[in-house]
Amino acid sequence: MNIRQFFVKKNYCGEKILLEDTMAVFKTDLEDIYFNLFKDLNVAELAPDLGEDGIKDVIGQFDKFVGAEIFPNRTKADEEGVSLVDGQVKVPECYKKAKNSFYDNGWFALGQPEDIGGMPVPEVVSLACTSISTGADTSFGMYPGLTKAALNVIRLVGTQEQIDQYIPSMMEGKWGGTMCLTEAGAGSDVGALRSTAKPLDNGRHLISGTKIFISSGDNDLYDNIVHLVLARTPEGQPGTKGISLFIVPKYKIGADGSVGESNDVVCSKVEEKMGIHSQATCELQFGANGNCEGWLIGEEFDGMTNMFIMMNEARLLCAIQGEGQSSLAYSLTKQYVEERVQFGTEIGNHPDVKKNMLKMRAMCRGIRSLIYYTSHLFDSKEESAEAEVALLTPLCKAYCTDEAMLIASNAIQMHGGYGYCSEYGIEQFLRDIKISAIYEGTNAIQATDYVMRKILKDGGAAFQSLGSKIQKTLSNPVAANWEKEVASMGASMQKAVEILGVFGEKAKAKDYNGVLQHCCEFLSFSGNLIVAWRLLEHAIIAHESIDSAADAEKKYLSTKVDDFRVFCQYYLVNNISLSKLITGCDLDVASLEL
């Protein structure tokens, strides 16, 4: 969509001046998406009925849909925001048409099993589409996104009765879904929650408690909202092991499936936030009048295990929120620097601007490749796939969202003063991306999980398995074309072994603070190394293909080699200082006074 605008402002003399014609054309890097899917991951092999052309058609049509139906709402929805009127949350009016079109065109069904009315495609194809829509308007994407995540939990661990009762209406877009974990005083420490579930009859429980920061917690997009709520039954022990999961609809459901009276679920507050203004982040009161009913899903006390189905999906969604938005921010910025003239030439020709644009592109494509690779593992038959997904999920969530923030900041910088103003819609990326580094477990929690549970707990087996793949790529004869960059990767591999040795010794000595204070640094170190690996894989493919490629494709393939070299020389190089910090720091920060 072309949202060409003219802006009239006053100069210092008070005279009206016409600023240059600004273009912000929604444009997805489809060429790079297709490279990832077909040249790198060979996704077409997983969908022989669709084939490469069929998958391209699906993604291409979805991209057109997003450009026409979702992206145009981004700025006006942000300005309108959400409101709480007479106990009911109202979302931007423009979202209602977009939501109906999203479901009516079958996009919600993409990636779902046929037996519930879905359109099966490889996991990474569905993820690629989610990235496009999330980049266009992350607030909107969260409404169906959380509905799909809740639906998946019901589909995987619910009884047949629960599946039959909830999933059809969720698939049709009549009912939405949420996940309700956080409470005041029990944020990241979920085990400290105080919500209760008192058994009644026929599998019913009386739910009581208050949840905060619930995304999509209430809205007028759906006729009913299916909340998945963590609560403790009378027999539940303290901590996470005593928590169970319950299905708690906003409205009670009749025997015929119709929506009935209120289920005593009330939105008492809508949060005022830095970003995602059109996303309803709610405080929800369950059972304030003693009449809120919930139904156990899964086994009693398996609440955290079952909720993690949704949480791990949400953590990858956070990574996608970072990747999708930063990629679109780069695309819009590229258009700007190619048109904005200063000192007699387009600013994209100035060395510092071009350097920053190349860095942004390399990182955007790098984190895309990391997320796609991780998503593709869900369909992999490799023995190590499950462990690798577990290893890479916290890395994707934290690394990709941290780097996306820096890309968004750079996008503002490249626009200069106009980027800091709201006309171009660039500053919104920075505001909307930041939350992805906070919710679904802060990035520091992801780093702790990555180091303590995903590496040290199993003796580094999954990390070593991934390291073997990286080493195999480094041994590819084509990689010798980039001696400097490959040597840098090799040095990082050696330093990773050294760092994990230091961590292992500290853990053995029960100096856990010594490990914990450097988990974030090692996650960044790992992200730099693994993304460099993914970009090296791409550079090798590009190098092997470029001679036989058409002229138009040759230009793109040459950028894949540039991406790898730029990434290594501007990002991977930071691993030198990170490794020195981790292995050489003699401060015990826990003992220092603030």
Side-chain angles (χ1 to χ4, degrees), residues 87-89 146-147 149-151 153-154 157-159 161-162 165-166 169-170 175-187 189-219 222-255 259-269 280-311:
Q88 170 66 55
V89 173
L146 286 165
T147 298
L151 181 153
V153 175
I154 296 171
V157 300
T159 64
E161 182 181 1
Q162 290 170 337
Q165 184 173 35
Y166 294 102
S169 292
M170 296 174 84
W175 298 354
T178 75
M179 52 190 285
C180 301
L181 292 80
T182 307
E183 300 181 9
D189 184 9
V190 179
L193 65 77
R194 296 187 294 274
S195 293
T196 60
K198 179 181 178 181
L200 298 173
D201 58 356
N202 300 323
R204 295 180 305 150
H205 288 72
L206 200 61
I207 307 298
S208 178
T210 301
K211 300 290 184 177
I212 63 172
F213 299 152
I214 306 305
S215 299
S216 305
D218 192 41
N219 59 78
Y222 299 101
D223 298 334
N224 202 358
I225 301 175
V226 181
H227 302 289
L228 296 188
V229 180
L230 287 178
R232 201 181 310 276
T233 56
E235 295 78 18
Q237 61 178 292
T240 56
K241 292 182 179 180
I243 296 174
S244 301
L245 185 63
F246 298 87
I247 300 177
V248 185
K250 177 182 177 180
Y251 296 107
K252 294 182 178 179
I253 302 167
V259 175
E261 64 181 350
S262 170
N263 191 30
D264 198 8
V265 180
V266 177
C267 177
S268 50
K269 179 184 179 184
T281 307
C282 302
E283 177 182 87
L284 298 179
Q285 304 282 346
F286 292 90
N289 299 307
N291 193 30
C292 180
E293 296 179 353
W295 285 261
L296 181 70
I297 178 170
E299 297 297 323
E300 190 175 10
F301 312 134
D302 282 350
M304 284 301 295
T305 299
N306 293 331
M307 184 61 93
F308 261 102
I309 298 170
M310 195 172 185
M311 287 178 67

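Both backbone and side-chain heavy atoms feed into the values below; hydrogens, waters and symmetry mates do not.
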Between [atom1] on residue [X] and [atom2] on residue [Y], distance to nearest 0.5 Å:
{"X": "Ser208", "Y": "Gln285", "atom1": "OG", "atom2": "CD", "result": "9.0 Å"}
{"X": "Leu245", "Y": "Ile297", "atom1": "CG", "atom2": "CD1", "result": "6.0 Å"}
{"X": "Cys267", "Y": "Asn219", "atom1": "SG", "atom2": "CG", "result": "10.0 Å"}
{"X": "Glu293", "Y": "Phe286", "atom1": "CD", "atom2": "CZ", "result": "14.0 Å"}
{"X": "Leu181", "Y": "Ile212", "atom1": "CG", "atom2": "CD1", "result": "11.5 Å"}
{"X": "Asn289", "Y": "Ser262", "atom1": "CG", "atom2": "OG", "result": "8.0 Å"}

* Evaluate side-chain contact (heavy atoms from CB on, under 4.5 Å) for Leu230 paired with Met304, printing each intermediate quantity in order. => CA-CA 8 Å; Leu230 287 178; Met304 284 301 295; 3.7 Å; yes

Can you see which heavy atom on [X] is nearest to which on [Y], and at what distance?
{"X": "His227", "Y": "Gly217", "result": "CE1-O, 3.2 Å"}
{"X": "Pro249", "Y": "Asn224", "result": "CB-ND2, 4.0 Å"}
{"X": "Leu146", "Y": "Ser216", "result": "CD1-OG, 3.6 Å"}
{"X": "Ile154", "Y": "Val226", "result": "CD1-CG1, 4.2 Å"}
{"X": "Gly242", "Y": "Arg232", "result": "O-CG, 3.3 Å"}
{"X": "Ile207", "Y": "Ala197", "result": "CD1-CB, 3.7 Å"}

Crowding at [atom1], [X] (>12 non-hydrogen neighbours, <6.0 Å):
{"X": "Tyr222", "atom1": "OH", "result": "yes"}
{"X": "Glu235", "atom1": "CD", "result": "yes"}
{"X": "Lys252", "atom1": "NZ", "result": "yes"}
{"X": "Phe301", "atom1": "CZ", "result": "yes"}

* Under the 3.5 angstrom rule, does the side chain of Glu183 hit a backbone N or O of Ser195 as a donor-acceptor pair? ->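 Such a contact is found between Glu183 side chain and Ser195 backbone.
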
* Keeping the roles fixed (side chain from Arg204, backbone from Leu296), state whether a donor-acceptor pair exists under 3.5 Å. =>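 Between the backbone of Leu296 and the side chain of Arg204 there is no qualifying donor-acceptor contact (under 3.5 Å).
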
* So which pairs with a foot in residues 298-308 pass side-chain hydrogen bond (donor to acceptor under 3.5 Å, both in side chains), sequence neighbours left out? ->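 For residues 298-308, and leaving out neighbouring residues, the side-chain hydrogen bond (donor to acceptor under 3.5 Å, both in side chains) pairs sorted by first residue read Thr233-Glu300.
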
So do the side chains of [X] and [Y] get within less than 4.5 Å of each other, counting heavy atoms only?
{"X": "Val89", "Y": "Cys282", "result": "yes"}
{"X": "Tyr251", "Y": "Glu261", "result": "no"}
{"X": "Tyr166", "Y": "Leu151", "result": "no"}
{"X": "Leu228", "Y": "Thr178", "result": "no"}

* Begin from the C-alpha positions of Ile214 and Thr281 and carry the test side-chain contact (heavy atoms from CB on, under 4.5 Å) through to its verdict. => CA-CA 5 Å; Ile214 306 305; Thr281 307; over 6 Å; no

* **Residues forming a ring pair (Phe, Tyr, Trp, His ring centres under 6.0 Å) with Phe246, sequence neighbours excluded** =>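 Applying ring pair (Phe, Tyr, Trp, His ring centres under 6.0 Å) to Phe246 gives His205.
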
* Asked: Is the shortest distance from a Lys or Arg side-chain nitrogen in Glu283 or Lys211 to a carboxylate oxygen in the other one below 4.0 Å?
  ->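 Looking at Glu283 and Lys211, the cut-off is not met.
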
* Have a look at Lys250 and tell me which of Asn263, Asp223, Asp218 forms a side chain to side chain donor-acceptor pair (under 3.5 Å) with it. =>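 Passing option: Asp218.
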
